Amino acid sequence: MKRGDGVQCPCCAGRFRSFSGSGGNARCPRCWSLARHRTLYLYLRDNGLLRPSLRLLHIAPEEGIYRHLRGNEGYVPADLFPGTRSVAQFSVEKIPHPDDSFDVVLCSHVLEHVPDDAGAMREFRRILAPAGRAVLQHPIKLTLAHTFEDDAITSPEERERAYGQHDHLRLYGRDFGDRLRSVGFDVEVIRYSDELSYRDRRRFGLFDDGEINDGDLYVAC
Ligand SMILES: [Zn+2]
């Protein structure tokens, strides 16, 4: 391999000839990170959000990010379905922590599975300290102005057809940021890969070619 060739996974520091798959589905052959995981990791790293001193609530932790945070004193990983990992178990609709108790909430690809997503957004706002922020990343169909959800759609087959995945409860549109604003957040939308050089986007495999954008970061405070 020539110097400068190949790719690199920021989550696990692995170097490879290429990722498996392409676009948003380009996976790290070692830690299985996708483009969105690598984007999220780079954003957190570059903005000092992996600091051990931060009180950080991480919902449904991605392995490649969890491994960088798990030793931190203020780190609380949580999942409604924890599996074999020792993380707290609760729903984001009712978070068992007091008001103003976190500096950062990390929540990626969760709210499309949550019945009361507005309730979860209110919970994030409640538990965040006044200077805190939530970093959210969700699948969004950018050609859709308004989020599509219909209570009459209940079977896995219908959900797959309507929302693109059998266990999704809605398909977010461009109003995702407005939904956060409606519970009182200020929101900044960051396409972090655009802030990197072409060389780094190529090296870290950050090209998103899908109809559904799942890499943009919604930073809410
Ligand atoms: Zn990796």
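Read the numbers this way: they start at 1 and go in the same order the structure lists the ligands and their atoms. Please read these numbers as outputs of a predicted model, since none were measured by experiment.
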Subject >> Salt-bridge criterion met for E123 and R126 (N-O under 4.0 Å) >> reply: yes
Subject >> Atoms (protein N, O or S; no water) under 2.8 Å from the Zn ion (ligand 1) >> reply: 4
**OP:** Go through the side-chain N and O atoms of R38 and S33 and say whether any donor and acceptor fall under 3.5 Å apart.
**Re:** yes
Original post:
So, R27 side chain and W32 main chain: donor-acceptor pair closer than 3.5 Å or not?
Top reply: yes
**OP:** Please check if the side chain of D79 supplies one atom and the backbone of F81 the other of a donor-acceptor pair under 3.5 Å.
**Re:** yes
Original post:
Does the side chain of L50 reach to within under 4.5 Å of the side chain of Y41, using non-hydrogen atoms?
Top reply: yes
**OP:** Check each of Q137, H37, H58 against S108 using the side-chain hydrogen bond (donor to acceptor under 3.5 Å, both in side chains) test, and report the only one that passes.
**Re:** Q137
